[in-house]
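Okay, so here's the structure we're looking at.
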Amino acid sequence: MSKENTQVLKQRREKADSLADLGVNLYSNAFTPANRIKELPPKGEHLEAETQDETNYTYSIAGRIMTMRKFGKAAFFNIMDSSGRIQVYVKKADTGDDVFATFKKWDIGDIVGIEGKLFKTKVGELSVRADKLIMISKSLRPLPEKFHGLTDVETRYRQRYVDLIVTPESRETFKKRVDIVRLMREFLSNRGFMEVETPMMHPVPGGATAKPFRTHHNALDMDLYLRIAPELYLKRLLVGGFERVFEINRNFRNEGLSTRHNPEFTMLEFYQAYATYTELMDLTEQMISWICDEVNGTMAIEYQGTQVNLAPPWKRMTMDEALIKVAGIDAAILADDEKVIALAKEKGIQLEDQAGPGKAKTELFELLVEEKLIDPTFVTAYPTEVSPLARRNEENPEVTDRFELFVTGRELANAFSELNDPVDQRQRFEKQIAEKGNDEEIHHEMDEDFVRALEYGMPSAAGEGIGIDRLVMLLTDAPSIRDVILFPHLKPEVQKQSKKKKKGKD
RNA sequence: GGGUCGUUAACUCAGCUGGUAGAGUAUCUGACUUUUAAUCAGAGAGUCGCGCGUUCGAGCCGCGCACGACCCA
């Protein structure tokens, strides 16, 4: 990168050098603004065009120069800080010849400090008339074009810092993300949930079925796995007597990337003792609809051109009901194990030999129903066959006390009443290990300590996971998960080869 | 993994049927004390993603590779 030597970069460096020769500190740490830019408009609101603030107060602001309009002996430019943007007017007569001479070498992109008084221009734009000008950080690279901005998504992801400078929508998205997570914490805290931090490095990967990242601890000389889910640790805390816990943090899965998958992603997981999955449906619709309203000012939003209404109550249906009502499958077929499997095959679903009707139903659901669930919908009564961690329904052991939440055709949350029978849990672990699939990287291991914890007694409980990235996508109308992750994973940039070498000379 | 599309100046994009590479913004020089996509005059800036091939000649055609986007698995 440092080898880049384009004309523009050379000119910028030369200009910086010439400023330094004039005695300007290009990277000064001596200016601290007393004001944020957003404080100024209310102070100058009342001013008439072409009048100056009668209080004659001197404001002090700092920020990045975003536009520049220079004249012979004066200039207008806009500076932006994290709170807003304002126009600054510089006049040679105000600053003196020497300062104005250095100002002439300021560029778009420089970070500067300004002291001056408020006034309105003849077209009525509130501006700061600069008395003092201080260079805080000289920019050596040109910013993207002011009119079109930065449209190349690859550059926006790789150089997020540039994206954030020039793309207001991108700044808004990430501010909203911060708000969403803050509100989530507030909502859960208000309901007595404790936020906890459990290990990110696990000796035994568990709590989900996914390929883990493996790492190695040198001093202990042991392999560790970046966690694929915090579930088993949060449940240990239920055993310990913390009745409501949550964690918002990263999970890592060593799988493919897509517009909906990043290898590290953020999950909210929370557990509530003595609750059932039904209560979590209530909690979930309250939480998400409230957050949406707080962040967007409405519960009726648009996602990628589709209207979505998040106002509660949300639809609830069992998987069978969804297959009947949404996919139009005959109830008689669903009641017959062989017919369900036959139907799945007829629809082109490939089922393994040992797959039962539960698997067939789930596949049919994914194929025919999921994408049609636009407004939020809780789908309950997942087949036991596909829900190894969930508690069986006490009336119908074929299904579990579980729901998944779908919005805009996408899974947003997964929850169930938790299994707390240590004997059953041990058997399920053993079954998973015995059925070890053909994928070497997804390996289930017996978590002896977790079973031991359950043997002490875990209260009945319900637990849920919500994908924060997907929720942020929904609430910010972002088409790709990379638009809501500040630094998404991409393959490494290829460094340009600096020279062509002729081969074959020896 | 498969398919489609993209990669040209710092940024946004043109580039015809294969014949010496274009614009706007940005930059530089000059003019300019109320502009706001400032204006006016002039100038510089490119290994056309990388490699190989076809051709007298390739930004353009063919093959391969890299990176990215979208769709599919």
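Because the structure is a prediction, the values reported are computed rather than measured. Every chain is numbered from 1 and lettered A, B, ... according to where its sequence line falls, protein lines coming before strand lines.
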Please list each protein N or O that sits under 3.5 Å from an N or O in nucleotides 3-9 of chain B, with the distance.
none

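- Taking the side chain of A/Pro142 as heavy atoms from C-beta on, and the options B/rU35, B/rU12, B/rA26, the nearest nucleotide is B/rA26.
- Classification of the A/Phe378-A/Phe403 ring pair by plane angle, with boundaries at 30° and 60°, yields perpendicular.
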Inset, instruction - Determine which bases of RNA chain B form Watson-Crick or G-U wobble pairs with both distances under 3.5 Å, and write the result as a 5' to 3' dot-bracket string with | for other-strand partners. - result: (((((((..((((.....[..)))).(((((.......))))).....(((((..]....)))))))))))).
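- In this structure, of B/rU33, B/rG68, B/rA10, it is B/rG68 that holds the atom nearest to the side chain of A/Arg158.
- The pair A/Arg177-A/Asp469 counts as a salt bridge, with a side-chain nitrogen and a carboxylate oxygen less than 4.0 angstrom apart.
- Within the nucleic acid shown, A/Asp152 comes within 4.0 Å of sugar-phosphate atoms alone, with no base atom in reach, counting heavy atoms only.
- As judged by a 4.0 angstrom heavy-atom cut-off over every strand, A/Lys491 is placed among residues touching the sugar-phosphate backbone only.
- Closest to the side chain of A/Lys104, out of B/rC32, B/rU12, B/rU33, is B/rC32.
- Applying the salt bridge (Lys or Arg N to Asp or Glu O under 4.0 Å) definition to pairs two or more places apart or across chains, none involves residues 56-76 of chain A.
- Within 3.5 Å, no donor on the side chain of A/Glu125 pairs with an acceptor on the base of B/rU34, nor the reverse.
- A donor-acceptor contact under 3.5 Å is formed by the side chain of A/Thr121 with the base of B/rU35.
- Among the nucleotides B/rC70, B/rC13, B/rA10, the one closest to the side chain of A/Val8 is B/rA10.
- A side-chain donor from one of A/Thr55 and A/Asp53 sits under 3.5 Å from a side-chain acceptor of the other.
- Using a 4.0 Å heavy-atom cutoff across all strands shown, A/Phe77 reaches no nucleic acid atom at all.
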Inset, instruction - Evaluate the side-chain contact (heavy atoms from CB on, under 4.5 Å) criterion for residues A/His261 and A/Leu257: first the C-alpha distance (whole Å), next the side-chain angles of each, then the deciding distance (0.1 Å), finally the verdict. - result: CA-CA 5 Å; A/His261 300 86; A/Leu257 288 74; 5.7 Å; no
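- Going from the P atom of B/rG51 to that of B/rA41 covers 40 Å, rounded to whole Å.
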Grab the N/O contacts between the protein and nucleotides 38-42 of chain B below 3.5 Å, and write none if there aren't any.
residue, atom, partner, partner atom, Å
B/rA38, OP1, A/Lys146, NZ, 2.3
B/rA38, OP2, A/Arg69, NH1, 3.3
B/rA38, N6, A/Lys70, O, 3.2

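- A/Arg129 forms no cation-pi arrangement with A/Tyr89, by the criterion of a distance under 6.0 Å to the ring centre and an angle within 45° of the ring axis.
- Between A/Phe100 and A/Phe103, the ring planes are tilted. Angles from 30° to 60° get that label.
- Nucleic acid contact for A/Leu490: sugar-phosphate only, since backbone atoms but no base atoms lie under 4.0 Å from a heavy atom of the residue.
- Between A/Val379 and A/Thr318 there is no side-chain heavy-atom pair separated by less than 4.5 Å.
- Residue A/Thr155 places no side-chain N or O under 4.0 Å from the OP1 or OP2 atom of B/rA10.
- Distance from the side chain of A/His148 is smallest for B/rU12 among the nucleotides B/rU35, B/rU33, B/rU12.
- Here A/Arg129 lies in heavy-atom contact (under 4.0 Å) with a base.
- Checking B/rA69, B/rA37, B/rU34 against the side-chain heavy atoms of A/Phe147 singles out B/rA37 as nearest.
- Residues in residues 358-383 of chain A take part in these salt bridge (Lys or Arg N to Asp or Glu O under 4.0 Å) pairs, two or more places apart or across chains: A/Asp320-A/Lys361, A/Lys359-A/Glu363.
- Under 3.5 Å, the side chains of A/Gln304 and A/Asp477 contain a donor-acceptor pair of N or O atoms.
- The two residues A/Lys211 and A/Ile228 come nearest to each other via the heavy atoms O-CG2, 4.2 Å.
- Residues satisfying the side-chain contact (heavy atoms from CB on, under 4.5 Å) test with A/Asn249, not counting sequence neighbours, are A/Met200, A/Arg227, A/Glu247.
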